[in-house]
Amino acid sequence: MGTKTGNRHTAAQKAVASARAGQRGHRTIMIIGGAIIVALIAAITVSVITAMNDGDKSGADGPLVVPATATADGGLTVGNGPVAVDIYLDYMCPYCGKFEAANHADIQRLIDDGTATVNLHPLAFLDEASRGTEYSTRAANAVATVADKDPGHVLDFNTALFENQPEENSKGLDDAKIAEVAASVGVPQSVTDTFADRTFVPWVTQSNDAAFENGITGTPTVKINGVVTEVDLYTAGPLYEAVTAAAGTTK
């Protein structure tokens, strides 16, 4: 409290002044504290809304549940032919989208004509490219769920996810849209409703680890009978020809 030369303050005046200063300080603390509480509530509200819109990312610490069609090294099996075709992919990867567009008809043909057993390896290399929503993990979990509960639609769902592929470094599809894509190819609601359970997130994590251990450093990567193929993956035909050659047939 400022003073002028010659002014004197009695003990009582000083006490009153001190009390007033204390009240002002108390009010200031209350105002600041209130502002902090309001800010925290706003932040929590935004976080909850964001989680609702982008998808709950829980499940990573849950028990390991393996899809019914899974291979020991993290693939999801479709078909029953003599040639093993392992496809390592990430649903955020634009080059995987190009691969799928070029080869999905040939892959279906190889399965339908009994030439190949296709093992899809849905990975999550690009979670960091989905602005915190872990889109790759959520999409992979959804595919694993369909492989477990409705395996007849897993290949169509895989194709539909790429047909609806979000741009890299976007938030990706939210959970409702992933379920909508699955429903569009015939996956029943009883299955899509379980996507949010995140049942297979630990399996996706384990599959990523297995891929790294097996020397997979990027997507798409394709193995034919355990050997990485060097054929053109972005043009229809070369992969089909390589697989039929491995089967000892000409089609």
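As a basis for the values below, the full set of heavy atoms in this structure was taken, side chains included, without hydrogen atoms, waters or symmetry mates.
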Enquirer: Once ring pair (Phe, Tyr, Trp, His ring centres under 6.0 Å) is applied, do any residues pair with F200, and if so which ones, sequence neighbours excluded?
Expert: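 If we apply the ring pair (Phe, Tyr, Trp, His ring centres under 6.0 Å) test to F200, skipping adjacent residues, there are no hits.
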
Enquirer: Among the clusters formed by ILVMFWY side chains lying less than 4.5 Å apart, do L233 and V227 turn up in the same one?
Expert: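 Not linked; separate clusters.
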
Enquirer: Do T235 and D232 have side-chain atoms, one donor and one acceptor, less than 3.5 Å apart?
Expert: yes

Enquirer: Applying ring-ring contact (aromatic ring centres under 6.0 Å, His included), which residue pairs with at least one partner in residues 161-183 are found, sequence neighbours left out?
Expert: Y91-F162

Enquirer: Run the numbers on L123 and L89 for side-chain contact (heavy atoms from CB on, under 4.5 Å), then give the verdict.
Expert: CA-CA 6 Å; L123 304 180; L89 52 88; over 6 Å; no

Enquirer: Which atom pairs, one a donor and one an acceptor, fall under 3.5 Å between side chains of residues 210-221 and the rest of the protein, sequence neighbours left out?
Expert:
| from | atom 1 | to | atom 2 | distance (Å) |
| --- | --- | --- | --- | --- |
| N214 | ND2 | A210 | O | 3.2 |
| T221 | OG1 | G218 | O | 2.7 |

Enquirer: If we ignore hydrogens and angles and just use 3.5 Å, is the side chain of S170 paired with the main-chain N or O of P166 as donor and acceptor?
Expert: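 Between the backbone of P166 and the side chain of S170 there is no qualifying donor-acceptor contact (under 3.5 Å).
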
Enquirer: Do NZ/NE/NH1/NH2 and the carboxylate oxygens of D127 and R138 come within less than 4.0 Å?
Expert: no

Enquirer: Donor-acceptor check, side chain of D174 to backbone of K177, threshold 3.5 angstrom: yes or no?
Expert: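 Answer holds: yes.
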
Enquirer: Verify whether one side chain among T115 and D113 offers a donor that lies under 3.5 Å from an acceptor in the other.
Expert: yes

Enquirer: Quick one: ring pair (Phe, Tyr, Trp, His ring centres under 6.0 Å) partners of Y135, sequence neighbours excluded?
Expert: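 With sequence neighbours excluded, Y135 shows a ring pair (Phe, Tyr, Trp, His ring centres under 6.0 Å) to no residue whatsoever.
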
Enquirer: Mind checking what makes salt bridge (Lys or Arg N to Asp or Glu O under 4.0 Å) contact with K98, not counting sequence neighbours?
Expert: none

Enquirer: V228, L239: one ILVMFWY side-chain cluster at the under-4.5 Å cut-off?
Expert: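 Different clusters: V228 never reaches L239 through Ile, Leu, Val, Met, Phe, Trp or Tyr contacts under 4.5 Å.
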
Enquirer: Go through the steps for F157 and V154 under the test side-chain contact (heavy atoms from CB on, under 4.5 Å), then give the verdict.
Expert: CA-CA 5 Å; F157 182 35; V154 69; 5.6 Å; no

Enquirer: Can you tell me if D156 and H153 form a side-chain donor-acceptor pair at under 3.5 Å?
Expert: no

Enquirer: What residues, two or more places apart in sequence or in another chain, satisfy salt bridge (Lys or Arg N to Asp or Glu O under 4.0 Å) together with E163?
Expert: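 So E163 forms no salt bridge (Lys or Arg N to Asp or Glu O under 4.0 Å) with any residue.
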
